[in-house]
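This report concerns only the one structure given below.
Quick caveat: nothing in here was measured; it's all calculated off a predicted structure.
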Amino acid sequence: LKFYNFVISRQVRKAGGLAAIEADFNLICNNCMEFNGGEEDKVYYNAAKALQCAGAQVIDSYRMRWQRVITAVILS
């Protein structure tokens, strides 16, 4: 698990931080939704919206994990 966290944190730093990854991901999802006309009854629009929601959950969980690590380092 520690190696996994190391690899993920290295990828995040290489990408310019979690905010940069989140912005890129949202840009991709928003472009997919806009390209598909922005109509909520379209299959691809709904799939892009679901992907954006799922991605937000993953990014938020990673953000909370990092906050716990930073808090533990500060307190120790």
Side-chain angles (χ1 to χ4, degrees):
L1 186 61
K2 288 182 181 181
F3 179 73
Y4 173 77
N5 288 339
F6 170 75
V7 170
I8 295 296
S9 65
R10 190 167 170 211
Q11 290 172 343
V12 168
R13 280 182 280 151
K14 185 188 264 187
L18 192 58
I21 291 173
E22 185 176 19
D24 290 345
F25 182 76
N26 285 330
L27 178 65
I28 291 167
C29 292
N30 288 336
N31 284 343
C32 288
M33 289 185 288
E34 194 171 315
F35 178 75
N36 288 299
E39 297 177 20
E40 295 185 20
D41 60 338
K42 291 192 175 185
V43 174
Y44 293 117
Y45 177 90
N46 291 335
K49 190 67 176 170
L51 179 65
Q52 189 174 34
C53 292
Q57 290 176 349
V58 171
I59 290 170
D60 288 342
S61 70
Y62 190 77
R63 181 179 291 121
M64 287 189 320
R65 186 179 344 161
W66 260 124
Q67 288 174 348
R68 282 190 301 248
V69 168
I70 290 170
T71 303
V73 168
I74 291 172
L75 294 176
S76 62

* Asked: Is the shortest heavy-atom distance from the side chain of I28 to the side chain of Q52 under 4.5 Å?
  -> no
* To do: Show your working on side-chain contact (heavy atoms from CB on, under 4.5 Å) between I21 and Y62 and close with a plain yes or no.
  => CA-CA 12 Å; I21 291 173; Y62 190 77; over 6 Å; no
* Asked: How long is the gap from SG on C32 to CG on L27, to the nearest 0.5 Å?
  -> 9.5 Å
* Structure fact -> Rounded to the nearest 0.5 Å, the CG atom of N31 sits from the CG atom of N26 at a distance of 10.5 Å
* Specify the closest pair of heavy atoms between L51 and F25, including all atoms of both residues, with the distance to one decimal. => O-CZ, 3.4 Å
* Does anything in residues 48-62 pair up under salt bridge (charged side-chain N to carboxylate O under 4.0 Å, His left out), and if so which pairs, sequence neighbours excluded? -> D60-R63
